[in-house]
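In what follows, a single structure is set out as structure tokens and then discussed.
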Number of protein chains: 2
Amino acid sequence: MSDPKPAAANTTTRILDVAERLMQTRGFNGFSYADIAAEVRITKASLHYHFATKAELGCTLIERYSAAFESALQRIGRERADAPARLRAYVKLYAEVLADERMCLCGMLAAEYATLPEPMQRALRAFFAANERWLTQLLEQGQQEGSLALRVPACEAAAMLVGALEGGMLLARASGDPAKFTGAARLLLAQLESPAAASANRRVRVARFAARPARRS
Amino acid sequence: MSDPKPAAANTTTRILDVAERLMQTRGFNGFSYADIAAEVRITKASLHYHFATKAELGCTLIERYSAAFESALQRIGRERADAPARLRAYVKLYAEVLADERMCLCGMLAAEYATLPEPMQRALRAFFAANERWLTQLLEQGQQEGSLALRVPACEAAAMLVGALEGGMLLARASGDPAKFTGAARLLLAQLESPAAASANRRVRVARFAARPARRS
DNA sequence: GTCTATAACGAGATAGAC
DNA sequence: GTCTATCTCGTTATAGAC
């Protein structure tokens, strides 16, 4: 998720970076081409050369965001073995977005769903479906390992988790209190761990969440 | 003096009703005075007589929504005795909004928070603070009764719950699947009930949730 | 690729008649 | 209270020079 950016990116990339941040902080209906143009220091007309319409720009952003998220998920699969560690790494993806004073791009767009062009709606549904698919597999793995204890089908728990994390971010931003997300995330994770594994992991997990002033691992 | 007919509400109320629905379905930045005017069948200029600015209209709507929610909470306090029943009634408030094909007004505005006029931001924070206060008391009551089993401070569980319900609504709407909210809500409630109480209540609770659009058991 | 200039439209808001 | 008419500004988008 966090690729360090080259200092001198090409214009298209700079546009995408600025537009992404605006979309995550103000929503698709909350910014204009003029806002992007001012930050990138080109004219609105030049913007249209790179992205003919705002809908096209929006679509590109969802796809770029989804691809980055997908990469992050694959990375978690490579670097973490057991389900609880993977789950914590998943939650950390959200926490990093929030620490950057942003809302999840797709969570933000979910609120505006009814007003979005159809291609953006489709890309949005795909993002959430992919997330829930990945989480479902993860939860099933944890159940087989004995490291997680679900009381319901994995796909239901996965859907709940995505919703709770997105909602937690949303309210943390509205109340200006990022710790609200951290607390909610910790609670959600604790409820999924099997009682035996929970007591063994608790010390480590609490330390990990409490020891972070800002970003970076 | 008495006005028993909701069919012939006064203009101000009709404006508020239409604007409220637009705000819940499209967001504050997703509708205009022209949209309201077309539905209420008056001109934009007439709208400005009732609400001088859009920000004023938005503020009035948040306050009306908050007052109605507060009334509903008091009603729950009167009509339900034990904490689990009150909790289910609370979740039902959200479910009813969703069944009307709307997002929670304040959950929607939470996404647009950064773009809202300051008075609306303040009213929004007050709504969530009141919700969490009420839920916190409820959870503490349940803990004392022995009907709920929390693993964390009540105020943290309350904040998580509000976020999870708002997020659940958001994603249910984006994926066009209201059952996604129902499933998430059931899971959240089940995790709060004490193991003893849970087995006694499970039959009742499942029946209640499964009654409408029939899904799973 | 980026610019100037402008089109075409919709937004929130106001003046003043009735 | 509601209307017509209008204002001003911001929006997305296009044409054509450089």
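Contact check, A:Y49 against C:dG1: a side-chain N or O comes under 4.0 Å of OP1 or OP2. Put simply, B:T43 has a side-chain N or O that comes within less than 4.0 Å of OP1 or OP2 on D:dC3. In this model, the phosphate group of C:dG1 is not approached by any side-chain N or O of A:T11 to a distance below 4.0 Å at OP1 or OP2.
With C:dG12, D:dT2, C:dT2 as the choices, the nucleotide that has an atom nearest any side-chain atom of A:H50 turns out to be C:dT2. The B:S46 side chain lies nearest to D:dC3 when the options are D:dT12, C:dA13, D:dC3. Looking at the side chain of B:I42, the nearest of the listed nucleotides C:dT2, D:dC3, C:dA11 is D:dC3. In this structure, the nucleotide among D:dT4, D:dT12, C:dG12 sitting nearest to the side chain of B:K54 is C:dG12. Listed candidates were D:dT14, C:dA13, C:dA11. Nearest to the side chain of A:H48 is D:dT14.
Once rounded to the nearest 0.5 Å, the distance linking CG of A:L87 with CG of A:L188 reads 9.5 Å. Distance check: A:I36 CD1 to A:S46 OG gives 12.5 Å after rounding to the nearest 0.5 Å.
In this structure, A:F181 and A:Y94 have parallel ring planes: the angle between them is below the 30° cut-off, well short of the 60° mark.
Annotation: side chain of B:L109 is in contact with side chain of B:E112 (closest heavy-atom distance under 4.5 Å).
Of the residues near DNA chain D, A:A45 and A:D35, the one whose nearest nucleotide (by heavy atom distance) lies more toward the 5' end is A:D35.
The distance from atom CZ of A:R14 to atom P of C:dT2 is 8 Å, rounded to the nearest whole Å. Rounded to an integer number of Å, the gap from A:R26 CZ to D:dG10 P is 14 Å. Taking atom NZ of B:K44 as the reference point, atom P of D:dT8 lies 15 Å away to the nearest angstrom. Per the geometry, CD belonging to B:E56 stands 13 Å off C1' belonging to C:dA13, to the nearest Å. Counting to the nearest Å, the C1' atom of C:dG10 and the OH atom of B:Y33 are 16 Å from each other. Residue B:I15 contributes atom CD1, which lies 11 Å from atom C1' of D:dT2 at whole-angstrom precision. Nucleotide D:dC3 holds its C1' atom 16 Å from the CZ atom of B:R41, rounded to whole Å. In this structure, A:F31 places its CZ atom 18 Å from C1' of C:dA11, rounding to the nearest Å.
Taking a cutoff of 4.0 Å between a charged side-chain nitrogen and a carboxylate oxygen, A:D17 and A:R64 qualify as a salt bridge.
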